[in-house]
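Input: a single structure, listed below in structure tokens.
Side-chain atoms are counted along with the backbone in the values below, which use heavy atoms only and exclude waters and symmetry mates. Chain naming here is simple, since letters A, B, ... match the order of the sequence lines and numbering starts at 1 in each.
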Amino acid sequence: MGQQDQPEELVMRFPAFSFSLVATASAFASSSRPKFGGRLGKIILKRQHPLTEDGSAEGSDPPVKQTTEHIIDLDTPNFLSTTSRGVVPHLSRDHCNSMSALRWVHIPFESFLDHTPPVPTLQCGPNPLHTFLGFSTSKQLLSLSLRDPLDAREMPPNGNTYVSANCIRGVRKVTLADWHKYTLATRPDLVFALSDIPFTPLPHSQKRITKSIERSAGWLAEFLRPHKTVTNSAPTHPLNILVQMPGGTSAAAREAFARGLTETLHDREAEAVKPLRCLDDGVAGYAFDLVTLRAGPGPADDPVINPSANQLDAPTEVAEIKEASTLLQDSNLLAGIPTPSTVCAQELITVAAPPLSASALSTLLRSSLAPLPPTKPRLVTGSCSPHEVLELIRDVGVDVFDSGWAVSAASAGVALDFVFPVPSEGLNAKNGRLRLSGRRDLGHNIYDTEYAHDFARLAGSFAASSDKSTALPVCPCFACSPPSSSSHILHSSVDEQSYSPGGEGDLGKAKATIQPPVTRAYVHHLLHTHEMSAHTLLVAHNLAVLDAFFAGVRRVLSHQTADGASEGQTALPLPDEITRFLDAYDRNMLVFDEAKHAWLDVDRARGKGRLAREKGKESDGGSIEGSQ
Amino acid sequence: MQFEVLAKCHTTRARVCRMKLAHGVTMLPTFMPVATQAAIKGLTPQQVESLGITLILNNTYHLNLRPGIKVLDEAGGAHKFQGWNRNLLTDSGGFQLVSLSKFTTITEEGALFASPFTGEPTMLTPEESISIQHSIGADIIMQLDDVVSSLTVGPRVGEAMERSVRWLDRCIEQHERSGRKDVQNLFAIVQGGLDPVLRDKCLDQMIERKDRVAGYAIGGLSGGEEKGNSLIKQCADRLPVDRPRYSMGIGFAEDLLVCVALGVDMADCVFPTRTARFGVALTFGGPLNLKLGKHTRSFEPIDKDCPCPTCTSGMSRAMLHHIVTIETAGAHAVTQHNLVFQAQIMGRARDAIIEGRFPDYLRTFFRGYFGDKGYPEWCVNALRSVGVDLLDGREVPVIPGSGAKWEYSDAA
Ligand SMILES: [Zn+2]
Ligand SMILES: [Zn+2]
């Protein structure tokens, strides 16, 4: 490899991110706010890999012969999937890689701060973050932020050169230099610059807000210094950077920060980020953290939800391990280890977050965006309902949201059941309970005993792929449309007999067809027995419903263009469809609160009830004839 | 059921069989993962099937409580309810009844217990156990037996054995009346505690009923003990060759292989899935506790040769260390691996038996699994009883009790 190839290779390993606006609502519907309003866009990520002669993407010892280009494109409006400790909650890797709804996955880095250096920074290969977390470089775009944007707990103040972040062993101070180092080592597709967002008790003084925007701008400038990691190369800015827009609930501060981004830099400042003309030139997109804009940071521990109560399997697990103590050496040491919780406290708190008035929120976001070019993607984390999402699309023109609330719903036992646009024939009882407001639930609290004998698929608004004659859209999730197991691990030379024709018993024929959907009655049973599979199925389903929702928004937006109209589509303009949606579905999301309470009730029943006391002694089954 | 012996070990009593049930062919010997509540912890049925698993177990006691027989009937049985297309086995519910409720009393009619929901006295008769299992619809169902702890001594053991035979007759009658004999297969459970004389008596009576039962389970014993294994041998030696033999509640790797060598075809245990939730991955080099600090920076998979989705995805021990016992996805990843490990142990045993090298396989396995930590004495003795010397000239410590201490914690 020639010497001049080296820097090129390094640069190549950071993918190229681009965003283009396909159409905006203002282009076809006269609007007083041309900069804001629903818009269609396309995010393209081009990833190049050096290829060795044998075609394997890794290793640089054999000379690099060619590159392979992975293009991930993502139509907007769309959503990113949130993660916890680097995993999409409740989903295994094979599920993640089979789900079309997972195209943009966001990784909060702070859970990795419990070791120094953080372990993912030690991962080898051209895409360390993808490799470490097991995401596909050809299917998934990964973004990285230091803090979890959905975590509103109170934190110690940030310093002039560091942000206070949280990991399992406590608070860690992460400096700008640290963050730069972690980013370069893990090579995410997109990275959030550090912003000084206070997680200290409200209210924040004017002085604190001013400090916040000054620090954030300074930190961004520092982050934009050209990389000196490669010799013999021109300074480059290979990172795709998102900026979390500071300023809290002060519209003036938000606007001031945004103006600062576009100001032409001079002298020493210009020299530092050369060849960028202004900070905004080095920014790929703008991010808004709604969690901090709502009630502000809450106390670290929610008094209502006791975190230890979230250890779904804790009572039985401890009992189990005791019972096995004659079999499992040193098992008493294991008993102290916490078991996986299927619902984390923070998720429940997110669901409970009180919505800030939509118009107030839109005003704040527009204050930040007003001075900035409209051509970059706008990302919102911490949205709490599809209603809010639609309003932010309509009133601001936000392009990307997160899946947090839909995942929380799954953790709480809610199967989402809503579509956009609302079907012209309206909704019926199959789609969710009608509230006094005249609006229907966004989904089903599957804990409710009304589902114990309900053998319908999870969502009435969607068909299963096994449904033959239906006009409904198909939910592609593995709960509604389970794929037949196409391959089986063979453990011996005679195992093929289990899979050859005739080896499959009377289901031999059924095997060839699509599997029937998972029923509400089954998930109801899994929730009441605290089986983790309940949450796995619900997360997959809810993400698919969310995916379909955004596809619906894009369809309505595209119908407003000449192309869409010529296809004879009858959809109303976006604002009208949004109004229909707001009128049809309950935005108070009562069903979420009910599910949350049902979940705690089941937990209490298991912890204190009579059945639970009996169960406390059980080892979780098996034909344990012999293992007493 | 179609049952065929395909190959026999030239030295031990191990054999490879093909068992065809209403939901397909299962190759034996096999390990059955336990789906107590109609779900394998966190996995979908499709995932379990893709791991190469063709037979799982549901617990009758639990399914009878939740979702209950009415729901199962409405669903059309447990297969449809949980979306599992392959073979399924249910126990009788008797064991949990006795072990989970101290108020349970055994009468000749059945097991009298306090309903966990209402506290009302409730009777589980052999007939009722069978009809509950008919509603569940498993391919293999078990007789209700009179269970006593293996620690019990005295006349109660003999009484329980004799009652289990009488209850078997009632189960057979109930099963034959139902007209479901062609789709569901009833297994008898050999009882008799630790008393070889009682075991023989039980075997005599149950073998007499061979034409009316599809297979036999060996009950009331656990793995990992000298005495139990000589009784498993006694039972396996005498049970008819043309019926599958099922050893209940066995799941540690060394126990499984000893049982296979003694002539057992099927076993089940919650251990591999339960230990996965505590972060312990099973490997041919012994169990790995992924919670241990030493895995923090380990970028290798649990086992680079393992065909499971976790290992083939390249998921590192470091990543697993980060999530096990905290994220459910960590439990899923290790559960997938452990189920494949159990299936691999048995799959390799099938190949070794067919290829006439099962004794070698046993020696290789024990060498890899226990290394120089020492072999459990009962394993050495049990395998000697079927003609395999694990030590075979090697200098390995032989440890009384269950054998090596595994790395279950940082302190160990
Ligand atoms: Zn679905
Ligand atoms: Zn594996």
Side-chain angles (χ1 to χ4, degrees), chain A residues 84-85 87 90-94 115 119 122 132 134 320 327 329-330 333-334 337-340 342 453 478 482-483 485 487-495 497-498 503-507 518 521-522 525-526 528-529 531-533 536 611 614 617-628, chain B residues 22-25 27 34 36-37 39 41-42 46 49-52 54 59 62 66-67 71 74 81 85 91 95 100-101 116 149 219 221-222 248-249 268-270 274 277-278 296-297 307 309 313 315 318-319 322-323 325-329 331-333 343-344 347 350-351 405-406 408-409 412:
Chain A
S84 171
R85 295 188 81 76
V87 294
H90 310 305
L91 295 182
S92 53
R93 274 191 181 182
D94 49 336
H115 294 286
V119 176
L122 304 173
F132 190 72
E320 282 167 12
L327 305 173
Q329 299 89 337
D330 295 323
L333 293 165
L334 279 178
I337 297 169
T339 53
T342 56
H453 300 270
F478 58 75
S485 314
S487 66
H488 308 88
I489 299 174
L490 299 178
H491 300 284
S492 79
S493 58
V494 290
D495 285 21
Q497 297 187 30
S498 293
E504 295 171 17
D506 56 5
L507 277 128
V518 160
Y522 181 55
H525 164 73
L526 295 177
H528 278 268
T529 51
E531 285 289 334
M532 293 184 280
S533 304
T536 303
L611 181 57
E614 300 291 323
K617 286 179 280 171
E618 100 196 38
S619 78
D620 65 346
S623 72
I624 19 184
E625 282 277 340
S627 56
Q628 357 186 342
Chain B
H23 292 84
V25 167
M27 304 309 294
V34 178
T36 294
Q37 306 276 15
K41 303 294 172 186
Q46 292 75 32
E49 200 185 328
S50 71
L51 300 180
T54 60
N59 282 115
H62 295 83
R66 281 186 191 286
V71 169
E74 288 165 6
F81 184 62
N85 295 330
D91 61 357
F95 174 73
L100 300 185
S101 169
S149 149
L221 299 171
S222 59
M248 305 171 87
D268 79 286
C269 191
V270 296
R274 179 169 65 198
R277 298 202 294 289
F278 287 95
T296 306
R297 291 177 185 80
S313 81
M315 187 180 260
M319 180 59 192
H322 187 67
I323 57 174
T325 75
I326 302 174
E327 290 293 334
T328 58
H332 304 165
Q344 292 273 99
R350 292 194 290 275
D351 275 342
K405 291 275 179 205
W406 299 118
Y408 284 121
S409 82

- [ ] Show your working on side-chain contact (heavy atoms from CB on, under 4.5 Å) between R85(A) and I326(B) and close with a plain yes or no.
- [x] CA-CA 9 Å; R85(A) 295 188 81 76; I326(B) 302 174; 3.5 Å; yes
Got a second to check how far [X]'s [atom1] is from [Y]'s [atom2], nearest 0.5 Å?
| X | Y | atom1 | atom2 | result |
| --- | --- | --- | --- | --- |
| H491(A) | R350(B) | NE2 | CZ | 7.5 Å |
| M27(B) | S498(A) | CE | OG | 6.0 Å |
| Q37(B) | H525(A) | CD | NE2 | 5.0 Å |
| H332(B) | D94(A) | NE2 | CG | 10.5 Å |

Closest non-hydrogen atom pair between [X] and [Y], with its separation:
| X | Y | answer |
| --- | --- | --- |
| I323(B) | V87(A) | CD1-CG1, 4.0 Å |
| M532(A) | A331(B) | CE-CB, 4.1 Å |
| A39(B) | Y522(A) | CB-OH, 3.5 Å |
| Q46(B) | P482(A) | NE2-CB, 3.5 Å |
| F132(A) | A318(B) | CE1-CB, 3.8 Å |

Open item on the list: What I want to check is whether the side chains of S313(B) and R93(A) have a donor and an acceptor closer together than 3.5 Å.
Closed with: yes
Open item on the list: With a 4.5 angstrom heavy-atom cut-off, is it the side chain or the backbone of D495(A) that approaches chain B, or both, or neither?
Closed with: both
- [ ] Measure L526(A) against the heavy atoms of chain B and call it side chain, backbone, both or neither at under 4.5 Å.
- [x] side chain
Task: Donor-acceptor pair, side chain of H90(A) and main chain of G42(B), under 3.5 angstrom - done: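 Pair absent, no side-chain N/O of H90(A) close to backbone of G42(B).
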Open item on the list: I'd like to know if the side chain of D351(B) and the backbone of S492(A) have a donor-acceptor N/O pair within less than 3.5 Å.
Closed with: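 No, D351(B) side chain to S492(A) backbone: no donor-acceptor pair under 3.5 Å.
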Examine whether an atom of [X] lies under 4.5 Å from a heavy atom of chain A, and if so say whether it belongs to the side chain, the backbone or both; otherwise answer neither.
| X | result |
| --- | --- |
| A333(B) | neither |
| T296(B) | both |
| P309(B) | side chain |

- [ ] Go through P483(A), S92(A), G134(A), S487(A) and name the one with the most non-hydrogen pairs under 4.5 angstrom from chain B.
- [x] S92(A)
Task: Full working for side-chain contact (heavy atoms from CB on, under 4.5 Å) between L122(A) and R297(B) - done: CA-CA 8 Å; L122(A) 304 173; R297(B) 291 177 185 80; 3.7 Å; yes
